[in-house]
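So the structure is just underneath, and the comments pick up after that.
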Amino acid sequence: MAHTDQSDTTRRDFLYIATGSFAAATAFSIWPLIDQMNPDASVLALSSTEVDLTPVEVGQSMTVKWRGSPIFIRRRTAEEIKEALAVPLEDLPDPEADSERAEKPEWLIMVGVCTHLGCIPKGQKLGDERGDYNGWFCPCHGSHYDTAGRIRKGPAPLNLVVPPIEYLEETKIRIG
Amino acid sequence: MSGQSTYQPTSAVGKWFESRLPVMGLVHDTMLNFPTPKNLNYWWTFGGILATFLVLQIITGIVLAMQYTPHVDFAFESVEKIMRDVNYGWLLRYAHANGASMFFLAVYIHIFRGLYYGSYKQPRELLWIIGVIIYLVMMATAFMGYLLPWGQMSFWGATVITNFFSAFPIVGDPIVEWLRGGFVVGNPTLNRFFSLHYLTPFILVGLVGLHVWALHVPGNANPTGVEVKSVKDDTVPFHPYYTLKDSFAIVVFMILFLWFVFFAPNFLGEVDNYIKANPLVTPAHIVPEWYFLPFYAILRAVPDKLGGVLLMFASIGVLFILPWLDTSKVKSATFRPLYKQFFFIFVAVSIGLGYLGGKPAEGGYILAARILTAYYFAHFLIIMPILGLIEKPKKLPESIAKAVLDKNGDDPGGGGAPAEAVTAPETKG
Ligand code: HEM
Ligand code: FES
């Protein structure tokens with residue numbers, strides 16, 4: 001038994017380390033199985049689009065597609081801009097000034113996906129219901145957005161998202 | 001499934017086989033000879049009905065999969081092709097779609113049976129919990145199946161439901177993108193839902209196996225809630241007594257099912273689902289399939305996104321702890337005069353929530369949904385614990401045999417409590 005002292009501990013240590021590495025290797029090999037479900041390269045590649053704004057008159061809207069979602073483009077009337085500027089920030093569930101949302105006040109450009117559960121709000125077409133705040137209205141569970149696309153009433157927690165926008169020319173933008 | 005089998009094969013081949021793989025003994029013990037309380041009423045036949053529908057869904061599903069194409073450009077068209085071109089395709093698809101509805105109808109009756117007769121109580125807590133898991137997997141299966149025809153409701157239902165997860169801070173959005181395989185519901189989503197829709201029914205088969213196993217340890221509960229005291233006096237063998245009773249109930253339930261399939265195949269569905277999915281237009285009024293409506297009402301009753309999602313999950317989660325929320329020693333509502341009334345109020349509240357889930361989320365409907373949601377939770381979290389403490393139960397029969405004999409011997413008026421237990425119309429049998 002004299003010499004077993006040392007060899008016993010090393011054998012046991014070896015077993016622990018071997019078991020531990022085996023567990024770690026198994027855990028790592030599960031990652032590809034999980035990660036394959038994430039958006040793939042071709043989905044990510046579609047992530048920017050250019051839009052020509054010239055056809056849109058004051059008071060009109062246009063909807064384009066970006067990353068599979070609609071982008072709401074609205075050329076706001078002076079009235080609508082005034083309405084948006086007049087709201088005190090403390091009245092907003094998700095306080096954001098109008099100037100943070102529209103680089104050029106006339107052009108409001110947002111992802112047209114309700115921040116509640118993802119329906120497309122109404123308000124782009126003439127004659128659509130536009131909600132209590134004269135902006136957009138999501139019929140799915142009743143969220144009301146104002147003329148700056150900010151949430152005012154209903155279950156949606158956040159304002160309509162403003163995507164990354166770059167003005168290439170006076171009336172040409174790149175989204176994404 | 002537990003204990004030593006009493007099965008004695010008679011033929012030489014049978015003996016040879018049984019000593020190597022005792023599967024006939026298992027069937028004999030669990031499906032033929034299993035001692036079953038002699039007073040089970042027709043509410044106990046829904047287990048067999050559920051098993052039948054699981055098998056039926058798997059059969060119709062496998063043949064549909066031979067004709068179906070899980071790709072956004074062809075899915076809707078392939079389902080239309082099933083309806084118009086494939087031989088008997090219309091029958092297979094209507095059987096599968098209405099089969100899902102009947103499956104849920106049966107599971108709801110089965111669950112409410114459990115609530116009425118206290119089937120979730122000791123020693124059947126685990127049996128109940130496995131049942132709740134089965135229910136959750138069923139919901140996941142039906143939800144994923146509903147995306148496959150790639151109609152407007154398919155698409156927007158999947159969009160809204162995958163978005164539930166975006167309510168969670170930080171991890172929410174990455175989870176949603178992971179579930180969808182994209183920023184929106186699209187081809188990767190359809191593909192994986194098809195793969196999983198094929199898988200989960202077989203997981204259900206496994207879970208049902210565990211459910212039956214857990215059932216066969218304590219044995220069936222029964223309408224009196226009094227446990228079996230003597231196998232000889234209180235029970236009958238499952239076969240032929242309950243194989244026949246179950247078969248009869250299955251045939252009756254099939255009549256309802258086939259009536260839908262042949263005479264009202266689209267009654268339970270949504271017309272919008274015959275419009276191909278359009279990611280840029282949400283239908284004016286999106287509603288889930290009828291069997292999800294009560295939960296949808298709870299979701300919409302809460303003005304806060306995360307709160308709504310959490311409360312909706314909690315409405316099923318609360319079922320897991322029900323065995324410990326109910327403080328009454330008495331199982332069956334027959335002997336619980338107060339609980340019996342609250343039970344029927346609860347049934348009405350659940351149906352009311354289902355009704356409200358199908359209405360637009362505005363004005364009075366929201367208010368009503370809030371009240372009913374509050375009651376739904378109060379039923380489990382307040383009423384159940386308190387009732388058990390303050391209620392004075394009726395006198396229980398001494399045994400199942402005594403309850404049955406009293407009913408058959410006495411005149412109907414003189415029964416008292418035990419007689420009431422067995423004079424429900426559905427107990428003839
Ligand atoms: C637990 C059992 C199952 C349930 C509750 C269920 C439920 C559903 C539902 C609700 C639909 C949508 C029907 C419609 O509106 O058109 C569907 C479609 C479909 N299911 Fe299942 N299913 C089950 C098992 C299976 C199995 C085992 C398969 C085998 C692959 C399968 C294959 C399909 C196919 C190919 C479709 C698309 C065709 C269609 O829409 O009718 N299902 N399922
Ligand atoms: S998705 Fe817009 S209110 Fe729910």
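When reading the values below, keep in mind they use all heavy atoms of this one structure, side chains included, and skip hydrogens, waters and symmetry mates.
- Enclosure of atom CG in A/Leu33 by more than 12 non-hydrogen atoms of other residues, nucleotides or ligands within 6.0 angstrom is indicated.
- When heavy atoms are compared at a cutoff of 4.5 Å, B/Ile366 does not approach chain A at all.
- Using a 4.5 Å cut-off between heavy atoms, A/Lys122 contacts chain B through its side chain alone, with no backbone atom that close.
- Interatomic distance, CG of A/Leu117 versus CG of B/Asn163, reported as 5.5 Å (0.5 Å rounding).
- Contacts of A/Thr63 with chain B are absent, with no heavy-atom separation under 4.5 Å from either backbone or side chain.
- Within a 6.0 Å radius of CG in A/Leu15, more than 12 heavy atoms belonging to other residues, nucleotides or ligands are found.
- Annotation: maximal heavy-atom pairing with chain B below 4.5 Å, among A/His141, A/Lys153, A/Gln36, occurs at A/His141.
- Closest approach of B/Pro279 to A/Gly68, counting heavy atoms only: CB-O, 4.2 Å.
- Residues B/Thr282 and A/Pro139 fail the side-chain proximity criterion, which asks for heavy atoms closer than 4.5 Å.
- Put simply, of B/Glu177, B/Arg192, B/His285, B/Arg300, the one with the most heavy-atom pairs under 4.5 Å next to chain A is B/Arg192.
- Between A/Ser69 and B/Val184 the shortest heavy-atom distance is OG-CG1, 3.1 Å.
- Few gaps surround CZ on B/Phe202; more than 12 heavy atoms of other groups in view lie less than 6.0 Å from it.
- Within the structure, the ring-ring contact (aromatic ring centres under 6.0 Å, His included) test picks out no pair touching residues 160-186 of chain B (sequence neighbours left out).
- Remark: the backbone N or O of A/His116 is paired with a side-chain donor or acceptor of B/Lys305 at under 3.5 angstrom.
- Using a 4.5 Å cut-off between heavy atoms, B/Thr159 touches chain A through backbone and side chain atoms alike.
- Counted within 6.0 Å of NZ on B/Lys276, heavy atoms from surrounding residues, nucleotides or ligands total more than 12; the atom is thus considered enclosed.
- Applying the disulfide bond (SG atoms under 2.5 Å apart) criterion to A/Cys114, with sequence neighbours excluded, gives no partner residue.
- Distance CE/A/Met37 to CD1/B/Ile175: 11.0 Å, rounded to 0.5 Å.
- Residue B/Leu280 touches chain A through both its backbone and its side chain, counting heavy-atom pairs closer than 4.5 Å.
- Smallest separation of non-hydrogen atoms from A/Cys119 and B/Val160: SG-CG2, 3.9 Å.
- The candidate with the highest count of non-hydrogen atom pairs below 4.5 Å against chain B, out of A/Ile34, A/Asp40, A/Val113, is A/Ile34.
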